[in-house]
There are 2 protein chains.
Amino acid sequence: MDQDSHTSGTDETEQAERPTLKTLAFMTGLGVTTVSRALKDAPEIGAETRKRVQLVARQIGYRPNRAGVRLRTGKTNVISLVLDTEEQIGGFVSDMIYGISEALAPTPYHLIVTPYSRNNDPLEPVRYIVETASADGIIISRTEPDDKRVRYMTEHGFPFATHGRTAMGIEHPYHDFDNTAFAAQAVERLAALGRRRLALLAPPANLSYFHHMRDGFAEALAEHGLTEAPLTGVTVDHSIEAIRARTAEMMRRKVRPDGIVSGAGAATFALVAGIEDAGFRLGSDIDIVSKQASRLLHLLRPQIHVVNENVRLAGSELARAVMARIAGKPVASLQSLSRPDAVEAFGQDG
Amino acid sequence: MDQDSHTSGTDETEQAERPTLKTLAFMTGLGVTTVSRALKDAPEIGAETRKRVQLVARQIGYRPNRAGVRLRTGKTNVISLVLDTEEQIGGFVSDMIYGISEALAPTPYHLIVTPYSRNNDPLEPVRYIVETASADGIIISRTEPDDKRVRYMTEHGFPFATHGRTAMGIEHPYHDFDNTAFAAQAVERLAALGRRRLALLAPPANLSYFHHMRDGFAEALAEHGLTEAPLTGVTVDHSIEAIRARTAEMMRRKVRPDGIVSGAGAATFALVAGIEDAGFRLGSDIDIVSKQASRLLHLLRPQIHVVNENVRLAGSELARAVMARIAGKPVASLQSLSRPDAVEAFGQDG
DNA sequence: TCCAAAATCTGTAACGTTTCAGATTTCTGG
DNA sequence: CCAGAAATCTGAAACGTTACAGATTTTGGA
């Protein structure tokens, strides 16, 4: 029965060592194997034994040792969020993390944040995680149409989900905001306001959602018979100063836009500044429809038309998707697209 | 590249299993103990052997199995950032995470994010980590003068660092922004602008930095012979709407402030809205000096006077502090206070 | 040349978990 | 009442690492 009578356990006092399966086995008089199985509802354990073990486990607050499980099974119970750590003003990263945490909370999964610098190889952190098996699943963002990371993880059969879609003939879990619909709605609103010549402040051209947004923009432009005022050389990822300067420059030209679609909230701050630098007024000379993750734009200028992107939701969707993928669910059911709400407006005057 | 074409398991060919100490021992012809020691520069290993082992290890890309180390030694190589996940608009959490990541990057430490809801017990996640030994160190924020978590971790001898100081006679590592100095500088600026009656939009009263900020505010007020216009019932943590409404209310009273000190950037958005709701103008009727983590306020209204708080820096300081604490460095050297830069102004008119 | 001390190296035993291959007990039908 | 099947239970081994207690070799002093 009790083999370990003489061994190491010099814990005769009250100082409770953390209970292990052995502790539980001793307390219940069962073997450690039985205890292990009873706790995970294995079929070959008697109903009463199972209940008894689980009761005791709950009583003494048993929690499986993660290192033990991980060493034995290779399962880490970790989801890794891989993100680039360049300064992103008004970044939505916190919302994403909150969303992921929310989904992970009722599970045994922990969230680990793996950073990389945007000028390094984005594949590097992913490769590290896969090679060292330091997580069960990965969430990535800044997805590209032909994404090395997606290819790598797919080839290695490693579970993951992407924030944003790809276009490389690989089916994989993702969550995305429908930026095509957003851009189309934005153009439509501007058209309804009587605007004729529109500019688009787009994401960087290497990212998938650049194409989505641009497609929606271009198509709606055509549909409403509007023309484009190209806003080149600058993207939502550029610095406030760069966008501001470039916008002012554009506005000072003879042929300037009377409407702008902006892909990001922080960038819109810079847009507005640039417009006003050039001496124009929002709402009268020009209108802006902007996407935003945090609800501050209407406080900047109530004339801005906004579409809210729920990044927190994206986070929990992504977390759920990776976990489902880890559990072996088919990919097809793990792809979701978030349709934008209608464009909101707050008033013509402060 | 040759991907493991046939199904998941049974890779009989070149598909390299991850190397372990055993692999290394076999390759070098040494014992596994010797290899283990050679890799960590133990003194009883011959110089040549050491070099040889390290060379081979580097060649085949050996990386210690974290689960193995953790199970054997109890060392997790994990730092846990504990944070509350309530919606915090314009939250600085991303910056903090970037800062921590930066400091952790050249070390074997990983960052794990442990969330809790503000309405639950903040001690709960801390206790979980300590009890399950799931990290080597903890970073907490929203520090209170008499902080349960600090007491708990100290009593359990668990390494940690706090964002913000405490006042309970316990010495512990911290990093803090000097909010007393900030408030004093802010008041001074407002006094210099000829303002006489000032309001303070403060942090929640339970947090340490509420007291720091309020002390600096009150003292400077006295020093410059100014009076306070109390802005009660609302803190920087309240919703935009709440702050906005409360501010408008205050401004509509007969006795209203002609200057406001604001403890947070997002809250200042609401302040400005409230002021303008009531029909007053920034720069002429009233001035604001605000702290901000992200540099957007001057785009909201160039009249706002700002002091920047570098949260990214705070993050790396905190990370360095916990790691040093884990390494056994004395607490005294791990306390740092960040002095605010001078108040910045951007102009009197848009 | 020899012996002890120093310098190197090594096997075994854990850490806590799950899996494998039985062992034991209970049940069933004849 | 028994053989065999079913139902329960079990110890040993293994995952990769480090600590302990030796084992072996080399060195150096006499």
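None of the values given here were measured: they were computed from a predicted structure. Each chain gets a letter, A, B and so on, in the order its sequence line appears, and its residues count up from 1.
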Answer yes or no: is there an ion pair linking R18(A) with E131(B), defined by an N-O contact shorter than 4.0 Å?
no

Rounding to an integer number of Å, can you tell me how far L21(B) CG sits from dC15(D) P?
13 Å

Give me the ring orientation class for H163(B) and H175(B): parallel if the planes are under 30° apart, tilted from 30 to 60°, perpendicular past 60°.
parallel

Starting from the 5' end of DNA chain D, give me the residue, P19(B) or G46(A), whose nearest nucleotide shows up first.
G46(A)

Between D95(A) and R312(A) (salt bridge meaning N to carboxylate O under 4.0 Å), is one present in this structure?
no

Answer with base, sugar-phosphate or nothing: what part of the nucleic acid does R37(B) contact at a heavy-atom distance below 4.0 Å?
base

Does K22(A) make a side-chain N or O approach to OP1 or OP2 of dG16(C) shorter than 4.0 Å?
no

L71(B) has an atom CG; how far is it from atom P of dA14(D), in whole Å?
17 Å

Separation of R70(A) atom CZ from dT19(C) atom P, in whole Å?
17 Å

Answer yes or no: does a side-chain N or O of T73(B) lie under 4.0 Å from OP1 or OP2 of dT17(D)?
no

Could you tell me how far apart D41(B) (CG) and dC9(C) (P) are, to the nearest whole angstrom?
14 Å

Assign T20(A) to base, sugar-phosphate, or nothing according to its heavy-atom contacts below 4.0 angstrom with the strands shown.
sugar-phosphate

What does G68(B) touch in the nucleic acid at a heavy-atom separation under 4.0 angstrom: a base, only the sugar-phosphate, or nothing?
base

Answer with base, sugar-phosphate or nothing: what part of the nucleic acid does T33(B) contact at a heavy-atom distance below 4.0 Å?
base

Check every strand shown and say whether I45(B) touches a base, only sugar-phosphate, or nothing at a heavy-atom separation below 4.0 Å.
sugar-phosphate

Contact under 4.0 Å: S36(B) side-chain N or O vs dT17(D) OP1/OP2:
no

Could you state the atom-to-atom distance from CG of L30(A) to C1' of dT8(D) in whole Å?
10 Å

Take atom CZ of F26(A) and atom P of dT10(D), then tell me their distance rounded to the nearest Å.
14 Å

Evaluate the side-chain proximity of H110(A) to L104(A): yes if any heavy-atom separation is below 4.5 Å, no if none is.
no

How many Å lie between CZ on R72(A) and C1' on dA12(D), as a whole number?
11 Å

Take R118(B) and D84(B), measure what salt bridge (Lys or Arg N to Asp or Glu O under 4.0 Å) needs, and give me the verdict at the end.
CA-CA 6 Å; R118(B) 203 178 295 173; D84(B) 87 71; 3.3 Å; yes

Atom-pair distance (CD on E44(B); P on dC20(D)), nearest Å
12 Å

